[in-house]
Amino acid sequence: MQGGSAASNKPSKPKSFKPEQKVTVKKSASKFATDESIASFVKGNSYKVKQVKSDWVLLDGIMSWVRKKDVY
């Protein structure tokens, strides 16, 4: 088979976040880095990014690490 879309073969790359950037925790987010459940009052709210490490962002205000895929 020839052709094929290059986009379909491309792995989805996590977005890049920067400290001081404001992000919102997705309603679908479920766990913090500590494996604790994310409380419903956290979901849908905006927080400032304090630190960024590989697949995680540390959110100011709740001082917890959340997966990059769980914020936008």
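None of these values were measured; they are calculated from a predicted model.
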Side-chain heavy atoms nearer than 4.5 Å, only ILVMFWY residues, links allowed to pass through others: does that put Val66 and Phe41 together?
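Yes.
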
hydrophobic_cluster_shared for Trp56 and Met63, side chain cutoff 4.5 Å:
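Per the 4.5 Å side-chain linkage, Met63 and Trp56 are co-clustered.
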
Is there side-chain contact between Val52 and Pro19, with at least one heavy-atom pair below 4.5 Å?
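In short, these two side chains touch, coming nearer than 4.5 Å.
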
Just to verify, which of Leu58, Leu59, Val57 counts as forming a side-chain contact (heavy atoms from CB on, under 4.5 Å) with Trp65?
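Between Trp65 and the candidates, side-chain contact (heavy atoms from CB on, under 4.5 Å) is satisfied uniquely by Leu58.
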
Search all heavy atoms of [X] against all heavy atoms of [Y] and return the closest pair with its distance.
| X | Y | value |
| --- | --- | --- |
| Asp60 | Tyr47 | O-CD2, 3.4 Å |
| Lys69 | Lys26 | O-NZ, 2.7 Å |
| Val23 | Val49 | CG1-CG2, 3.8 Å |

So, does Thr34 use its side chain to make a donor-acceptor pair with the main chain of Phe32 at under 3.5 Å?
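Checking the backbone N and O of Phe32 against the side chain of Thr34, no donor-acceptor pair under 3.5 Å is found.
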
Check whether Lys68 reaches the backbone of Ser54 with its side chain - one donor and one acceptor, N or O, closer than 3.5 Å.
yes

Can you measure from [atom1] ([X]) to [atom2] ([Y]) and round to the nearest 0.5 angstrom?
| X | Y | atom1 | atom2 | answer |
| --- | --- | --- | --- | --- |
| Lys27 | Lys43 | NZ | NZ | 9.0 Å |
| Asp70 | Lys31 | CG | NZ | 11.5 Å |
| Phe17 | Gln51 | CZ | CD | 15.5 Å |
| Ser30 | Arg67 | OG | CZ | 8.0 Å |
| Lys22 | Asn45 | NZ | CG | 10.0 Å |

Tell me, with the steps shown, if Lys48 and Gln21 meet side-chain contact (heavy atoms from CB on, under 4.5 Å).
CA-CA 6 Å; Lys48 213 182 269 187; Gln21 181 179 346; over 6 Å; no

